[in-house]
Amino acid sequence: MKEIKINTESRNYPVLVGTDILNENNLNEFSNKEILLVIDSKIEESLKKEAQITLSNISSKYSELILEASEENKSSTTLSIIHDVLIEQSYSRDCILFALGGGIICDITGFAAATYLRGVDFVLIPSTLLSQVDASVGGKTAINHPKGKNMIGAFHQPSKVLTDTKLLKSLEKVQIREGLAEIIKHALIKDKTFFKWLEENIEDLLEANDEKLLEAISKSIEIKAEVVSKDETEQGIRKWLNFGHTFGHAIEVYGNYKRFSHGEAVAIGMLMATNLSHKILNLEKAEIDKIKCLIRSILTDELVKSEFQPIDLVKLMSADKKKKGDNLNFILLSSIGEAQISSDIQESDIIDSIKLT
Ligand code: GLY
């Protein structure tokens with residue numbers, strides 16, 4: 001088992017990465033605490049049982065809430081359901097919320113913890129590859145508003161994260177591909193050596209090889225840990241983690257959140273951001289070919305052939321930024337492992353980069 005330290009201004013905490021690590025030994029500091037476990041309904045029955053038994057054994061008071069994870073349910077209504085349990089059962093300021101699930105469950109449980117009694121502790125047990133390498137690291141918590149995703153939220157760091165690859169066993173291939181998109185993103189913005197390792201091991205990773213996944217997850221979390229430890233509240237380099245996401249968010253909306261999953265949209269968005277990096281920062285042709293080859297290898301043939309009306313995508317990008325009070329900035333690469341923020345980009349350059357070739 002590996003321990004990766006996240007040291008932010010507001011809190012230092014460990015991310016434990018390993019296989020079969022959800023046990024009492026790794027939860028000593030939470031003995032005799034009041035625990036509420038929020039569980040994703042899709043978690044396999046035996047894994048659910050294991051968490052329920054372990055946490056009810058160590059706690060002084062235990063309740064659980066099984067939630068159906070969906071973007072519609074990542075709402076103020078679901079947040080109130082969590083708060084209602086805490087209030088009705090008189091959970092004290094010293095309680096701990098546990099989340100066992102993917103990014104939606106991690107985000108909403110984290111926000112419930114951030115807002116109950118002005119902030120209580122929480123622990124994350126992310127169950128998808130995507131949430132293990134992204135949502136569970138760095139303390140972004142949120143719910144959606146009818147007008148936009150993650151519009152209401154807070155930075156609130158967990159006390160601990162248990163990243164257990166045993167939970168990945170029941171994942172579908174498409175979920176592995178989604179997580180790989182964010183792993184590739186971490187390599188692209190910060191680590192050329194890791195990018196090379198990914199090129200060499202992508203076939204094993206796509207097959208969910210346990211040992212390789214463990215290595216990729218650890219390296220990916222280390223990269224994100226370094227970034228969020230330097231910039232907890234996204235004033236500067238944490239924005240690098242949005243590589244491919246300006247295009248990606250617009251692609252998700254373009255497909256009505258049905259045609260493309262988040263990871264697929266980000267992967268396609270990274271292809272477009274790579275084109276834009278060539279135009280604006282002269283990213284070399286040889287590197288572009290390597291980047292595109294790796295990203296295409298995690299996409300289906302159908303996705304690689306996706307077509308977009310460029311002007312519609314630009315409108316969606318501008319509308320999204322306006323709603324969030326941001327400027328239309330892009331994270332671009334000057335080379336593999338070297339990212340930077342670019343603003344004042346001409347619309348014609350953005351339009352030219354909206355192609356997957
Ligand atoms: N998902 C990007 C971040 O945590 O900042």
Side-chain angles (χ1 to χ4, degrees), residues 4-11 13 15 17 69 71 74 99 101-111 113-114 122 124 126-144 148-158 161 163 175 178-191 216-217 219-252 260-270 273 317 320-321 324-327 329-333 339-341:
I4 301 167
K5 294 210 162 59
I6 317 275
N7 299 323
T8 66
E9 259 174 48
S10 68
R11 168 172 263 166
Y13 59 95
V15 179
V17 187
E71 290 296 342
K74 194 178 169 183
I104 291 174
I105 296 296
C106 290
D107 279 9
I108 197 164
T109 306
F111 191 54
F122 71 113
L124 295 175
S127 63
T128 59
L129 185 57
L130 184 61
S131 60
Q132 293 194 344
V133 297
D134 192 17
S136 63
V137 182
K140 275 190 180 174
T141 72
I143 55 169
N144 297 334
K149 272 175 80 171
N150 298 327
M151 294 289 279
I152 300 167
F155 287 99
H156 186 54
Q157 303 293 339
V161 183
T163 300
Q175 290 175 292
E178 271 213 276
L180 286 173
E182 296 285 350
I183 290 174
I184 292 172
K185 178 198 77 181
H186 287 142
L188 283 174
I189 60 163
K190 213 139 185 348
D191 196 325
I217 293 166
K219 189 68 217 169
S220 196
I221 294 174
E222 275 165 8
I223 293 169
K224 186 160 181 190
E226 195 189 329
V227 171
V228 302
S229 295
K230 285 187 184 142
D231 177 20
E232 180 177 10
T233 55
E234 203 171 306
Q235 307 303 311
I237 70 162
R238 187 163 181 166
K239 292 183 204 277
W240 294 358
L241 297 170
N242 295 329
F243 178 65
H245 283 61
T246 303
F247 289 106
H249 288 148
I251 292 166
E252 280 185 276
F260 309 99
S261 69
H262 176 71
E264 289 165 347
V266 166
I268 295 171
M270 289 195 293
M317 280 188 263
D320 184 53
K321 292 293 166 185
K324 291 182 179 151
D326 285 343
N327 297 323
N329 294 325
F330 288 86
I331 308 306
L332 299 179
L333 304 174
Q340 65 184 63
I341 303 168

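Quick note: residue numbers are just sequence positions, from 1. Whatever order the structure lists them in is the order used to number ligands and atoms, beginning at 1.
- Between the side chain of Gln157 and the backbone N or O of Gly138 there is at least one donor-acceptor pair closer than 3.5 Å.
- Using modelled atom types and a 3.5 Å distance limit, the side chains of Lys74 and Asn150 yield a donor-acceptor pair.
- Taking only nitrogen or oxygen atoms, main chain and side chain alike, Asn242 does not reach within less than 3.5 Å of ligand 1.
- Heavy atoms of Lys224 come nearer than 4.0 angstrom to ligand 1 in at least one pair.
- Leu241 places none of its side-chain heavy atoms less than 4.5 Å from the side chain of Glu234.
- Looking at ligand 1, you won't find any N or O of Lys185 less than 3.5 Å from one of its N or O atoms.
- Closest to atom 1 (N) of ligand 1, if we only count protein heavy atoms, is Asp134 OD1, 2.9 Å.
- When only non-hydrogen protein atoms are considered, atom 5 (O) of ligand 1 lies nearest to Arg238 NE, 2.7 Å.
- Counting non-hydrogen atoms of other residues, nucleotides and ligands closer than 6.0 Å to CD of Glu71 gives a total above 12.
- In the vicinity of Leu241, heavy-atom distances shorter than 4.0 Å reach the ligand 1 atoms 2 (C), 3 (C), 5 (O).
- Using bins of under 30°, 30° to 60° and over 60° for the plane-to-plane angle, the ring pair Phe247/Phe330 lands in the tilted bin.
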